[in-house]
Amino acid sequence: MIDIRAFRHEPRPFLDGAKRKGAFQQALDLLNADEEWRAHVASVDDLRAQQKIDGKPTPEQLDRLQEIKRKLKSAESELADAAARRDELLQQVPNPPHESVPDEDDAIRHWGEPPQLEHPKDHLELGRFDMERAAKVSGARFGYMVGDTALLALALYRFALDRLVARGVTPVLPPVLVREEAMYGTGFFPSEKHDYYEIPADGLYLVGTSEVPLAGLHMGEILEELPLRYCAFSSCFRREAGAAGRDTRGMFRVHQFEKVEMFVWSPPDESWDEFERLLAIEEELVQELGLPYRVLNIGAGDLSASAAKRYDIEAWFPSQERYREITSCSNTTDFQARRLGTRFRRDGKPETPHTLNGTAATGRWALAILENFQGEVPEALRSYGAPATVTR
RNA sequence: GGAGGGGUGGCAGAGCGGUCGAAUGCGGCGGUCUCGAAAACCGUUACGGGCCUCUGGGUCCGUCGAGGGUUCAAAUCCCUCCCCCUCCGCCA
């Protein structure tokens, strides 16, 4: 959520930002709801102050105190209503985009050359994926990766983890089943609730990304030292309810995949440097694998509510003859941290840190590797257990 | 899954209807002492919100796992939920 006090103090940047993300009216409404809320806070606080008394009250005092109690009851319920309206709007006002965010997606850089292939085979023809049996066992949009293909994917995750650890990033194997609070705190709920799997019997949810358990790690804490740089390997689960009819072939878009995700807690004044560093790490990984790609500076309208800026890397997919997303990294500034209730101490005073996240490898990378090199495996992955050539 | 025991400040741990945001100890920070340090001693040390502000702060309100309730008054009494620990069972 946004910093309501900053918004109150200087509304313009937040209103402009909300406008770019299509939530101008909500921001305007919030300003009014907040003013109303503050009026109610004042009257309730005043009544409570009158209610204070040391020791036993005299009979005359008792009459007055009972009268105050009655007034308080209605004042408190009005306050609760005002707070609910304010909070609901507060959830809807997005993090303003950074000034360098364009209106439309902007390809800021290309690297590598798409391979010249007469008749490129796609990943299903190159690797060993068993989609039919997965459908039998789990349903549509699940897949088995078998043999060399499984080894390729595992080598990829281990490679990414290894490069990150070498940079001092702390590796984590997180829980992937989380409580509702973690989903709210990270901003995936309530807006995208239908996109994730729920375990009703236990009130838990399967995470769509390990960003959730990584962000949740320091929920409600006051951190003593920043930055904190983590990466996690986990399975990710997405219902992708609205995606039917698109990318249905093979493992390109499935309900379950594995991912190595980076997550950083940063002091506010360093987060834009951290952000560029995350992108640089992603590019180095993709470059070491030799995948041709482009970098997109994502347009304001495509940003999530929490992201102030986002870079995607899109790798070339020969079978589709186009660039497709393989990473996404965002600076959510203080938006997500405030919602999580995470702070850090600087000069003895608590402040809200910035959080950032970015992809360091996913199963989709394995598809890009198969398709771009038509079954040959990049040197970098061979020491992590992948065969030189993937056979089916 | 069964049976017990607990959740209080950075940590440990008192308090069990008003004088309690909360004893005491440890830790942290500042100071005295010292060539310096240790020890000792003195002081200080939770978070959030509203309003005011000479941006140093002032003032009022809230917070003792979370949410409800009883009461003029709740860390203390009642209800629901969450979490942790111990023993047994089960399991990788």
Side-chain angles (χ1 to χ4, degrees), chain A residues 1-11 14 30-91 93 154 173-186 189-190 198-205 212-213 215-226 228 233-235 265 268 334-353:
Chain A
M1 71 184 95
I2 59 162
D3 181 349
I4 184 75
R5 298 169 87 168
F7 181 33
R8 208 186 279 153
H9 185 250
E10 198 186 346
F14 289 92
L30 175 59
L31 225 41
N32 293 322
D34 178 59
E35 200 175 326
E36 221 165 282
W37 171 82
R38 281 183 292 156
H40 286 288
V41 165
S43 57
V44 165
D45 279 1
D46 181 54
L47 283 170
R48 281 180 180 156
Q50 290 179 42
Q51 177 191 240
K52 301 246 163 185
I53 184 171
D54 286 341
K56 281 184 184 154
T58 64
E60 307 85 70
Q61 282 178 317
L62 199 62
D63 286 345
R64 196 173 60 84
L65 289 170
Q66 281 166 339
E67 175 61 22
I68 291 169
K69 190 187 184 180
R70 274 192 295 278
K71 285 185 188 166
L72 246 184
K73 203 162 187 177
S74 69
E76 277 177 337
S77 107
E78 281 173 38
L79 173 61
D81 290 346
R85 277 194 298 278
R86 173 186 185 261
D87 289 347
E88 197 187 330
L89 286 163
L90 193 50
Q91 303 284 320
V93 176
L154 284 168
L173 291 170
V176 294
L177 223 39
V178 302
R179 297 154 161 280
E180 204 172 20
E181 292 95 290
M183 297 298 280
Y184 274 102
T186 41
F189 280 12
E198 181 179 0
I199 315 291
D202 300 283
L204 295 171
Y205 297 84
V212 176
L217 190 60
H218 296 303
M219 197 160 43
E221 295 182 20
I222 299 181
L223 304 170
E224 294 298 335
E225 255 185 277
L226 290 186
L228 289 173
F233 169 76
S234 83
S235 292
W265 303 88
D334 59 355
F335 193 87
Q336 190 178 52
R338 182 167 298 107
R339 203 169 164 135
L340 287 162
T342 304
R343 284 160 300 165
F344 76 106
R345 213 176 279 283
R346 183 151 63 175
D347 300 327
K349 293 202 170 73
E351 288 181 49
T352 302

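The chains referred to below are lettered A, B, ... by the order of the sequence lines, with proteins before strands, and numbering in each begins at 1.
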Original post:
Do A/R70 and A/E67 meet the salt-bridge criterion of a basic N to acidic O distance under 4.0 Å?
Top reply: yes
**OP:** Hey, which sits more toward the 5' end of RNA chain B by its nearest nucleotide, A/I222 or A/Q50?
**Re:** A/I222
Subject >> For A/R64, side-chain hydrogen bond (donor to acceptor under 3.5 Å, both in side chains) partners two or more places apart >> reply: none
Which protein N or O atoms sit under 3.5 Å from an N or O of nucleotides 70-75 of chain B?
{"unit_1": "B/C72", "atom_1": "OP1", "unit_2": "A/Q66", "atom_2": "NE2", "d": "3.1"}
{"unit_1": "B/A73", "atom_1": "OP2", "unit_2": "A/K69", "atom_2": "NZ", "d": "3.3"}

Subject >> Inter-nucleotide C1' distance (B/A14, B/U24), Å rounded >> reply: 7 Å
Subject >> Whole-Å C1' distance, B/C33 and B/G43 >> reply: 15 Å
Original post:
Would A/Q50 and A/D46 count as having a side-chain donor-acceptor pair, cut-off 3.5 Å?
Top reply: yes
Original post:
In whole Å, what separates the P atom of B/G6 from that of B/C16?
Top reply: 16 Å
Original post:
What nucleotide among B/C60, B/G62, B/A46 has an atom nearest to a side-chain atom of A/A49?
Top reply: B/C60
Original post:
Do you know the tightest heavy-atom contact between A/S235 and A/V176?
Top reply: O-CG1, 3.6 Å
Original post:
Does the side chain of A/L79 come within less than 4.5 Å of A/W37's, by heavy atoms?
Top reply: yes
Original post:
Does some side-chain heavy atom of A/T186 sit less than 4.5 Å from a side-chain heavy atom of A/Q336?
Top reply: yes
Subject >> Separation of atom CD in A/E180 from atom P in B/A66, rounded to whole Å >> reply: 18 Å
Subject >> C1'-based separation of B/A46 from B/C29 [nearest Å] >> reply: 15 Å
**OP:** Considering only atom C1', compute the distance from B/U45 to B/C11 and round it to an integer number of Å.
**Re:** 14 Å
Subject >> Heavy atoms from other residues, nucleotides or ligands near CD of A/E35 exceed 12 (cutoff 6.0 Å) >> reply: no
Subject >> A/F189 side, atom CZ; A/E181 side, atom CD - distance, nearest 0.5 Å >> reply: 11.0 Å
Subject >> Test salt bridge (Lys or Arg N to Asp or Glu O under 4.0 Å) applied to A/R85 and A/D81, step by step >> reply: CA-CA 6 Å; A/R85 277 194 298 278; A/D81 290 346; 5.5 Å; no
Subject >> B/C61 to B/A22 separation - P atoms, rounded to the nearest Å >> reply: 14 Å
Original post:
How many Å lie between NE2 on A/H40 and C1' on B/G49, as a whole number?
Top reply: 16 Å
Original post:
Could you give the CZ-to-P distance, from A/R345 to B/G28, as a whole number of Å?
Top reply: 15 Å
Subject >> Nucleotide B/G49, atom C1' - distance to CG of A/D3 in whole Å >> reply: 13 Å
Original post:
Going by a 90° cut-off around 0, is B/G36 syn or anti?
Top reply: anti
Original post:
How far does CG of A/D334 sit from CG of A/L340, to the nearest 0.5 angstrom?
Top reply: 11.5 Å
**OP:** Would you mind reporting whether A/L30 and A/R86 have side-chain heavy atoms less than 4.5 Å apart?
**Re:** yes
Subject >> Between B/C61 (P) and A/E76 (CD): distance, integer Å >> reply: 13 Å
Original post:
With a non-hydrogen cut-off below 4.0 angstrom, is A/R343 in contact with a base, only sugar-phosphate, or nothing?
Top reply: sugar-phosphate
Subject >> Value rounded to 0.5 Å, distance of NZ in A/K69 from CD in A/E76 >> reply: 10.5 Å
Subject >> Integer-rounded Å distance: B/G48 P and A/M1 CE >> reply: 14 Å
Original post:
Do the non-hydrogen side-chain atoms of A/I222 and A/F344 ever get within less than 4.5 Å of each other?
Top reply: no
**OP:** Would you write the dot-bracket representation of RNA chain B, where each base gets (, ), [, ], | or . depending on whether it forms a Watson-Crick or G-U pair under 3.5 Å and with which partner?
**Re:** ((((((((.[[[..)..(.....]]]((((((.......))))))(((((((....))))))).[[[[[..)....]]]]])))))))....
Original post:
Can you tell me how far P in B/G5 sits from the matching atom in B/G9, rounded to whole Å?
Top reply: 23 Å
Original post:
Are any non-hydrogen side-chain atoms of A/L204 and A/R179 less than 4.5 angstrom apart?
Top reply: yes
Could you pull out the protein-nucleic contacts involving nucleotides 76-83 of chain B (nitrogen or oxygen on both sides, under 3.5 Å)?
{"unit_1": "B/C82", "atom_1": "O3'", "unit_2": "A/R179", "atom_2": "NH2", "d": "2.5"}
{"unit_1": "B/C82", "atom_1": "O2'", "unit_2": "A/R179", "atom_2": "NH2", "d": "3.1"}
{"unit_1": "B/C83", "atom_1": "OP1", "unit_2": "A/R179", "atom_2": "NH2", "d": "2.9"}
{"unit_1": "B/C83", "atom_1": "O5'", "unit_2": "A/R179", "atom_2": "NH2", "d": "3.4"}

Original post:
Taking atom P in both B/A12 and B/G18, what distance in whole Å separates the two?
Top reply: 26 Å
**OP:** Could you pull out all residues at least two apart from A/H218 that satisfy ring pair (Phe, Tyr, Trp, His ring centres under 6.0 Å)?
**Re:** A/Y230, A/W265
Original post:
Start at the 5' end of RNA chain B and walk down; is the nucleotide closest to A/V44 or to A/E351 reached first?
Top reply: A/E351
Hey, what are the protein-to-nucleotides 50-52 of chain B N/O distances that come in under 3.5 Å?
{"unit_1": "B/G50", "atom_1": "OP1", "unit_2": "A/R8", "atom_2": "NH1", "d": "2.7"}
{"unit_1": "B/G50", "atom_1": "OP1", "unit_2": "A/R8", "atom_2": "NH2", "d": "2.8"}
{"unit_1": "B/G50", "atom_1": "OP2", "unit_2": "A/R5", "atom_2": "NE", "d": "3.3"}
{"unit_1": "B/G50", "atom_1": "OP2", "unit_2": "A/R5", "atom_2": "NH2", "d": "3.3"}
{"unit_1": "B/C51", "atom_1": "OP1", "unit_2": "A/R38", "atom_2": "NH1", "d": "2.8"}

